[in-house]
There are 4 protein chains.
Amino acid sequence: MRLAEADFTTKERILAAAESLFAERGFDGAAVRDIAARSGLNGASLYNHFPSKQALYEAVLERGIQPLLEELVRAAQAPGRGPAAGGRIIEALMAHLERTPLVPRLVEHEAVRGGEHLARLARHWIRPLFEQGLAALKASPDARRWSEDELPLLIAAYLHLVFGHFAMAPLLAEVLDEDPLAPESLARQTRFLRKLSQLLVGPPSPHPEGSLHEAQ
Amino acid sequence: MRLAEADFTTKERILAAAESLFAERGFDGAAVRDIAARSGLNGASLYNHFPSKQALYEAVLERGIQPLLEELVRAAQAPGRGPAAGGRIIEALMAHLERTPLVPRLVEHEAVRGGEHLARLARHWIRPLFEQGLAALKASPDARRWSEDELPLLIAAYLHLVFGHFAMAPLLAEVLDEDPLAPESLARQTRFLRKLSQLLVGPPSPHPEGSLHEAQ
Amino acid sequence: MRLAEADFTTKERILAAAESLFAERGFDGAAVRDIAARSGLNGASLYNHFPSKQALYEAVLERGIQPLLEELVRAAQAPGRGPAAGGRIIEALMAHLERTPLVPRLVEHEAVRGGEHLARLARHWIRPLFEQGLAALKASPDARRWSEDELPLLIAAYLHLVFGHFAMAPLLAEVLDEDPLAPESLARQTRFLRKLSQLLVGPPSPHPEGSLHEAQ
Amino acid sequence: MRLAEADFTTKERILAAAESLFAERGFDGAAVRDIAARSGLNGASLYNHFPSKQALYEAVLERGIQPLLEELVRAAQAPGRGPAAGGRIIEALMAHLERTPLVPRLVEHEAVRGGEHLARLARHWIRPLFEQGLAALKASPDARRWSEDELPLLIAAYLHLVFGHFAMAPLLAEVLDEDPLAPESLARQTRFLRKLSQLLVGPPSPHPEGSLHEAQ
DNA sequence: GATGAATGAGGATTCATTCAT
DNA sequence: AATGAATGAATCCTCATTCAT
């Protein structure tokens with residue numbers, strides 16, 4: 001029991017270290033030895049827990065993306081399909097990413113390089129997400145302002161907006177002079193996205209400023 | 001003249017090859033030998049044109065980003081600051097990126113890894129872009145729906161939306177079953193972004209569907 | 001214990017191989033791969049024991065020079081400061097160098113190229129040696145034939161004579177048709193230097209030929 | 001004529017640059033490109049004047065050693081074989097080396113590494129020098145204090161003393177806090193060597209201090 | 001499970017040399 | 001005679017991985 005627990009802990013430590021290094025430097029830039037060192041291990045010991053760098057990478061991706069997807073499914077399936085659903089999903093998503101802020105960087109790295117791993121990533125994880133979003137949007141009366149072939153773009157837009165904030169955090173930090181991952185920044189971004197969402201798929205607002213400013 | 005032209009050509013070939021490889025694999029993943037090979041050169045010959053991989057990388061970044069920034073400045077300074085300005089800038093940006101579709105990937109790679117180069121990238125290139133955008137938004141009467149501290153987020157949102165489409169093209173291609181960089185896809189995305197822009201910073205529309213659908 | 005011993009052995013093997021190659025070819029001429037091969041190692045394995053070629057080089061220098069200096073200090077501090085001290089030091093020095101005959105070559109290489117490492121070499125190792133020698137000479141009544149500003153030159157002369165014999169051994173071998181590092185050659189050179197030393201700092205000899213020929 | 005003259009000049013410039021770089025860094029450490037650059041040439045242009053690095057190296061050695069040898073022959077054959085001959089040769093040698101102070105470094109480099117070139121160096125240049133010295137010593141009545149098999153060592157000693165001063169100049173500079181190649185340093189070293197020579201092969205001196213101090 | 005040592009493959013870079021201009 | 005460009009070989013070093021302990 002003690003041993004198994006220690007093993008679990010070590011594995012977790014490796015995964016966390018790998019996540020941060022893969023997020024920072026990408027697959028090629030992250031050295032196994034560095035990951036091991038950041039886990040408090042010798043470079044060779046890591047191979048007692050993962051058979052290869054590639055396997056470790058995939059485990060990191062899976063560990064990061066799986067809960068994210070589950071969270072999304074949960075948020076989307078929560079009762080209340082009304083116009084507030086979009087805002088709720090955004091909130092859930094942002095709240096989740098606040099706890100795993102490196103995942104978007106991993107995804108972005110992978111997406112940008114279009115690696116072999118990408119197809120599986122897309123098919124197994126992103127595509128269901130898209131379809132789920134599509135269904136939700138089609139069910140929403142207020143989304144009727146978007147034609148059918150615009151809906152995928154709309155979902156992609158949400159993806160860019162939410163993931164971009166996390167993935168490009170290092171750049172934004174330099175430009176905005178504040179840490180985009182700080183709680184206040186995230187809260188502000190969440191409010192901003194909800195407002196934006198209202199404008200995009202909310203009901204047409206005859207006097208937007210007043211109502212929207214309160215809406216948060 | 002012949003010589004200078006040949007030199008220009010080789011250097012350009014190297015820059016193009018480097019751009020594509022850096023975009024695909026990032027700085028660490030792109031091997032100098034591969035860049036040279038893709039330029040029709042021996043690995044060593046590349047060093048007759050660039051003193052180091054790092055220098056080549058920076059030249060690629062500069063070559064990609066400088067014209068982009070100039071294009072943006074040009075578009076922003078064109079006459080007609082009205083509500084149509086946003087749409088015009090988006091159009092110019094998308095048109096420009098259609099010709100250099102790898103640049104957003106480069107930027108995203110750099111942004112995601114937060115490399116040493118990032119600070120300069122941010123200060124010299126992205127920040128002026130932000131400030132220019134801020135000024136434009138403040139001058140726009142319809143942007144008054146956004147509070148002052150939301151404006152940077154709005155600009156970042158545009159950044160994510162435009163750059164994301166190009167940077168994550170490989171992922172989107174898998175998900176959407178079409179090439180996001182194909183002319184029709186880009187035209188659709190441009191229309192979509194103009195419509196979205198209308199909703200975000202356009203005049204409040206009492207009956208949006210009709211008017212907006214024609215607006216393109 | 002077994003492990004530590006094996007480690008010591010490998011490191012020692014590398015140091016020995018590096019010493020011979022650095023002595024033969026100098027820093028630039030000695031390839032890490034060759035050093036590794038001569039140690040029975042793959043080129044990469046060497047880096048498990050030394051972080052860089054430069055570090056290995058410095059370790060080799062230190063390993064060679066440190067004991068030499070200690071030997072000198074020991075010989076100089078031995079009782080009996082009289083006119084025989086010079087001869088005793090020479091003997092000790094020659095005996096020591098017989099066991100590490102490559103060290104003078106290393107020093108000569110380094111001295112000739114005036115490398116960055118030289119300053120440290122000079123200040124930490126050679127200079128104390130000089131000062132020690134100076135003190136010994138000043139205390140010797142028979143050295144009064146040399147003026148104060150000639151004493152450093154006298155010490156340098158000893159340096160040249162002793163080190164030169166070892167460092168230029170390859171050249172001397174060609175010229176003299178015998179190996180200058182062979183025991184008999186070294187014995188002869190030692191006798192020669194003692195005799196020479198007698199002439200330089202020994203007592204004025206009224207009938208030198210007779211007395212000196214027996215002096216050995 | 002102009003062209004030929006320019007060529008001669010260029011060749012000389014290359015030889016001078018090569019001499020300094022070979023002296024500083026040895027054969028392996030000196031890059032052809034650096035030699036060319038120091039000659040004001042492109043790396044490729046050097047090959048218009050010398051067919052290879054090796055050939056250039058040999059030309060440098062020859063250019064440095066040939067005049068030195070001739071100078072020695074001249075000094076040795078000058079009238080007056082008496083006991084002053086040693087001093088006169090030393091003076092001529094030192095005076096010559098003052099004008100080509102890098103040559104001893106070249107020789108030392110070559111001697112230390114025992115390169116392929118060494119055999120020729122030894123046979124063609126150093127050995128005649130030795131034999132000439134041997135003859136001179138045998139003819140000198142005062143050298144009778146040295147047995148026959150010590151005479152080669154005596155000559156080698158002179159070699160070490162004279163060449164060492166120049167070759168190890170960088171090291172001596174650090175230790176003695178003055179430039180060993182400065183005119184005063186060289187003058188002092190010359191006086192020192194003459195005095196030393198008097199002691200080694202001069203007549204037995206009953207009251208050395210007085211007489212020798214004036215002897216310079 | 002942890003580690004020091006070993007290694008083949010590969011990475012960026014340098015180098016001597018060649019060649020067309 | 002000079003040079004920019006090209007290149008194969010070599011250089012130092014890193015890396016992912018393996019293995020004995």
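Quantities reported herein were computed from a predicted structural model and do not represent experimental measurements. Residue numbers begin at 1 in each chain, while the letters A, B, ... track the order of the sequences.
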### Query
How long is the line joining CD of B:Glu12 and C1' of F:dA5, in whole Å?
17 Å
### Message
For a quick check of understanding: with a heavy-atom distance under 4.0 Å over all strands, which category does B:Ala36 fall into, base, sugar-phosphate or nothing?
### Response
nothing
### Query
Given that C:Leu41 and B:Tyr47 both sit by DNA chain E, which one's nearest nucleotide is further toward the 5' end?
C:Leu41
### Query
Among F:dT3, E:dA2, E:dT13, which nucleotide sits nearest the side chain of D:Asn48?
F:dT3
### Task
Rounded to the nearest angstrom, tell me the gap between atom NZ in C:Lys11 and atom P in E:dG4.
12 Å
### Query
OP1, OP2 of F:dG8 versus side-chain N and O of B:Asn42: anything below 4.0 Å?
yes
### Message
Checking side-chain polar atoms at under 3.5 Å, does B:Tyr57 have a donor or acceptor matched by the opposite partner on B:Glu62?
### Response
no
### Task
Calculate the interatomic distance between B:Ile14 atom CD1 and F:dA5 atom P; express it in whole Å.
9 Å
### Query
Is there a donor-acceptor pair closer than 3.5 Å between any side-chain N or O of B:Lys53 and the backbone N or O of B:Ala31?
no
### Message
With a 3.5 Å limit on both atom pairs, tell me what E:dT21 is paired to, counting Watson-Crick and G-U wobble, or say none.
### Response
F:dA2
### Phosphate OP1/OP2 of E:dG1: any A:Ser45 side-chain N/O under 4.0 Å
no
### Message
With nearest nucleotide decided by heavy atoms, which residue, C:Ala31 or D:Gly40, maps closer to the 5′ end of DNA chain F?
### Response
D:Gly40
### Query
Between the side chain of D:Ser45 and the main-chain N/O of D:Leu41, is any donor-acceptor distance below 3.5 Å?
no
### Message
If I take atom CG in residue D:Leu46 and atom P in nucleotide E:dC19, what distance separates them, rounded to the nearest angstrom?
### Response
17 Å
### Query
Do D:Ser52 side-chain atoms and D:Ala55 backbone N/O form a donor-acceptor pair below 3.5 Å?
yes
### Sugar-phosphate, base or nothing in reach of B:Ala30, heavy atoms under 4.0 Å
sugar-phosphate
### Task
Please determine if a side-chain N or O atom of B:His49 lies less than 4.0 Å away from the OP1 or OP2 oxygen of F:dG4.
no
### Query
D:Tyr57 OH to E:dT17 P: how many Å, rounded?
15 Å
### Message
Rounding to an integer number of Å, can you tell me how far B:Arg25 CZ sits from E:dG10 P?
### Response
13 Å
### Message
Tell me whether D:Glu58 is salt-bridged to D:Arg63, with the criterion being a basic N under 4.0 Å from an acidic carboxylate O.
### Response
no
### Query
E:dA12 pairs with which nucleotide, Watson-Crick or G-U wobble, both distances below 3.5 Å?
F:dT11
### Task
Figure out the CG/P separation between D:Asp34 and E:dA16, and round it to whole Å.
8 Å
### Query
How do B:Ser52 and C:Arg33 order along DNA chain E: which one's closest nucleotide is nearer the 5' end?
C:Arg33
## Note on the structure
By nearest-nucleotide position on DNA chain F, the 5'-leaning member of C:Lys53 and D:Ala44 is D:Ala44
### Summary
Rounded to whole Å, CG of D:Leu56 lies from P of E:dC15 at a distance of 16 Å
